[in-house]
Amino acid sequence: MSSYISGQHRPVGSPQPDRQLTLKAGQMLHGKVIKNLGNQQMELQIVGRTLTAIVAGGLTEGESRWFQVESTGQPPVIKPVKTDGSGKPDVQQLLQTMGLSGNREMRELLTSMIRQQQPVSAEKLTAAAALLSGAADKNEGLSVLKWMISKDLPLKEALFQPILTANKSMSNPLSGLLNQLQSQLNAAEEVPLRQMMQSLQDPYTKVMQDQAIQRLFEKVTTGTSAEKNQALEALKTMQLLPKEATLSNWTQGMNAGNAVKGIENLIKSLGTLPQNQGVQTQILELQQSLKSIQQPGGLQQAAEAVIRGQQMLLQVKPQSQLNSLQTLQIPSPNTMQPQFFIQMLNEVQQMTGQQNSPASLQLILKEIIHKMGTDYEARLLNSASPAAQAQTVKAQLVSLIETAGLNTQTRDTAEQLLNRLNGMQLLSADNGPQQQLIMQFPLQLGADQTDVMMKMNGRKKSDGTIDPDHVRVLFYITLSSLNESIVDMNVQNRIVSLDIYNENDHLDKLAKPFIPALQTALEQAGYSFSAVKFHSTKEVDPPILNPAEDALSSAYHKVDLKI
């Protein structure tokens with residue numbers, strides 16, 4: 001992924017995010033005269049706020065100008081800024097007045113702030129100049145500074161570097177860094193992290209095994225007498241249950257605190273289903289199990305209620321992620337695979353399909369995104385089990401970097417990876433009713449090991465979740481046979497349309513046999529298929545993805561961004 005991800009020159013003009021207006025002496029702000037109150041007092045609209053100020057100079061109502069704050073009293077005193085022939089402030093003169101260099105980058109940054117009608121101050125420009133001076137790539141640094149200023153983020157090195165690393169590295173495979181770190185870790189260093197990265201290379205196997213283990217627990221609870229015994233022995237052989245476990249005490253060793261959090265999450269999931277007597281009864285059963293979980297036998301009853309609740313969830317949403325392993329804090333299985341486990345594994349594979357089937361891909365993506373742990377801090381705040389949330393790549397990277405005596409090369413690679421993950425989190429902007437999400441993760445597709453870059457823009461519902469009925473997602477992926485491909489997916493009222501960009505002139509003919517399967521998969525997920533259009537990148541410029549620059553744009557290149 002290279003050419004279409006890191007474009008630099010983009011149009012600007014997005015609206016200002018809502019922020020509190022704090023005036024500072026010497027600050028420059030763009031405003032509009034609302035009303036002349038007499039005695040040089042005027043009512044102005046500045047940065048979306050209305051204020052009364054003493055304004056020197058004859059201005060008319062409705063006139064828009066740049067102003068500079070002379071004093072911050074009550075009322076404040078401001079004056080119109082001298083402009084060049086085009087009516088805009090003289091950038092070079094302003095920089096000289098503030099004692100700053102008039103180099104190309106600073107002129108462009110100040111010009112961008114003026115064009116965006118963002119408040120300008122010597123303090124902010126000085127901080128930006130200091131950060132930019134340490135950036136090896138001035139263009140990338142400038143893109144990031146524009147974005148940080150547009151989001152009103154503090155211009156601090158601790159924020160600038162992760163965002164710069166993520167923004168600059170979007171066109172470089174994340175899997176390359178993961179493989180590099182894995183090769184640098186020797187047998188004595190961070191075994192959990194190495195195992196975690198290995199599982200990212202084959203997430204399909206991990207997902208199928210987890211679901212097969214879930215089936216074993218279901219059989220222990222709801223199977224025939226023979227199935228219960230076979231499932232129990234399989235779980236003991238795989239060391240998922242202690243050797244002393246029996247059909248009456250098989251929850252021995254499970255953690256009540258984690259079960260509570262898992263039950264609460266399952267209740268929320270069931271609450272999203274169409275409500276009927278069966279669903280409501282299951283929710284009530286789970287709520288009752290929460291009250292009695294600390295009582296003798298309560299944990300086993302809770303575990304059985306979780307399994308029954310998940311069975312109901314699967315009936316209505318067959319592609320739902322099973323979460324009893326996380327809920328019950330069960331250890332990972334050893335390498336032994338009893339025959340009954342293999343039988344459950346075959347059943348799971350028949351139900352979800354092969355690795356590249358829609359159901360399997362959905363589960364795989366959930367597993368990878370969870371394992372990467374980009375939202376690790378948010379999970380910690382909302383989890384009853386910090387130890388369980390630490391089982392992510394991001395959490396293990398933090399632990400690795402803090403390890404005493406770690407060699408410099410390994411530490412550098414780990415810090416690069418952590419900066420990439422932190423940067424993506426910072427670039428995922430939350431602007432009131434709109435949400436932007438930037439993600440990059442490794443993915444195995446058949447024989448191809450590739451990276452997927454995803455950018456999602458959507459609106460939030462009243463409960464804070466993304467509205468799945470109205471969303472736009474851009475996917476960037478590189479395959480060995482098709483090279484770089486861009487999929488632009490728009491969803492409006494659950495109607496899906498796709499624009500696919502690739503250098504192949506005949507991709508439409510190659511893809512035609514797969515369109516019915518796509519339509520069927522969308523219908524099964526509750527969406528309607530509208531159309532798919534194929535575009536040759538030899539003739540049409542596809543959307544590019546420079547997260548910092550895109551955030552300043554009201555539109556993608558030749559493609560409407562607004563939802």
Side-chain angles (χ1 to χ4, degrees), residues 1 4-5 272-274 316-320 352-354 356-366 369 431 433-439 443 445 450 452-462 465-479 481-545 550 553-563:
M1 291 179 285
Y4 303 121
I5 292 181
T272 65
L273 300 181
V316 181
K317 293 185 176 181
Q319 297 174 342
S320 296
T352 58
Q354 295 305 307
N356 292 338
S357 69
S360 295
L361 282 174
Q362 184 182 31
L363 296 175
I364 288 169
L365 288 176
K366 285 184 178 180
I369 292 170
N431 290 329
Q434 295 295 318
Q435 175 74 50
Q436 172 180 285
L437 179 65
I438 302 286
M439 298 196 73
L443 182 64
L445 289 175
T450 184
V452 173
M453 175 69 65
M454 181 182 80
K455 178 176 179 180
M456 183 188 73
N457 287 83
R459 67 188 189 189
K460 292 193 295 186
K461 298 191 294 185
S462 57
T465 59
I466 295 294
D467 184 355
D469 297 352
H470 302 272
V471 70
R472 177 167 185 201
V473 186
L474 280 168
F475 294 98
Y476 295 78
I477 189 168
T478 300
L479 301 172
S481 55
L482 294 175
N483 297 324
E484 187 180 11
S485 300
I486 301 96
V487 179
D488 183 0
M489 182 180 76
N490 271 290
V491 181
Q492 293 292 321
N493 294 317
R494 300 189 77 84
I495 300 174
V496 180
S497 62
L498 297 173
D499 285 271
I500 300 176
Y501 300 82
N502 187 270
E503 63 183 14
N504 192 310
D505 295 325
H506 307 292
L507 188 59
D508 54 341
K509 296 177 182 177
L510 295 173
K512 189 174 182 179
F514 301 100
I515 293 178
L518 169 66
Q519 184 171 357
T520 300
L522 286 171
E523 289 173 353
Q524 289 175 347
Y527 290 85
S528 299
F529 174 67
S530 172
V532 57
K533 297 178 182 178
F534 296 90
H535 309 275
S536 170
T537 53
K538 298 173 184 176
E539 302 173 357
V540 179
D541 289 336
I544 63 173
L545 179 58
D550 280 346
S553 254
S554 60
Y556 281 113
H557 189 45
K558 296 189 179 180
V559 183
D560 185 17
L561 170 66
K562 294 182 180 179
I563 297 177

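Heads up: numbering here begins at 1 and tracks the sequence.
Annotation: the span from M453 atom CE to E484 atom CD amounts to 10.5 Å, rounded to 0.5 Å. Distance check, rounded to the nearest 0.5 Å: CD1 of I500 to OG1 of T537 gives 13.0 Å. Atoms OG1 and CD1, on T520 and I515 in that order, are 12.0 Å from each other to the nearest 0.5 Å. To the nearest 0.5 Å, the span separating NE2 on H506 from NZ on K512 amounts to 15.0 Å. Note that the CG atom of L498 and the CG atom of L522 stand 7.0 Å from one another [nearest 0.5 Å]. Annotation: the span from R494 atom CZ to Y527 atom OH amounts to 4.0 Å, rounded to 0.5 Å.
Each of D508, N502, D505 was scored for a side-chain hydrogen bond (donor to acceptor under 3.5 Å, both in side chains) with S536, with one residue passing: D505.
Shortest non-hydrogen contact noted between S530 and I495 is CB-CG2, 3.6 Å. Taking each heavy atom of L510 and F514 in turn, the nearest pair found is O-CE1, 3.5 Å. Shown here for I466 and P468, the closest heavy-atom pair between the two residues is O-CD, 3.1 Å.
Salt-bridge check for D488 with R472: passed, with a basic side-chain N closer than 4.0 Å to an acidic carboxylate O. With salt bridges taken as basic N to acidic carboxylate O contacts below 4.0 Å, one links D467 and R459.
Checking S497 against N490 by side-chain atom types alone, no donor-acceptor pair falls below 3.5 Å.
Around the NZ atom of K533, the shell of radius 6.0 Å holds no more than 12 heavy atoms that belong to other residues, nucleotides or ligands.
Looking at L474 and M454, their side chains never come closer than 4.5 Å, going by heavy atoms from C-beta outward. With a 4.5 Å cut-off on side-chain heavy atoms, N493 and H470 count as touching. In this structure, the side chains of K455 and V473 stay at 4.5 Å or more apart for every pair of heavy atoms.
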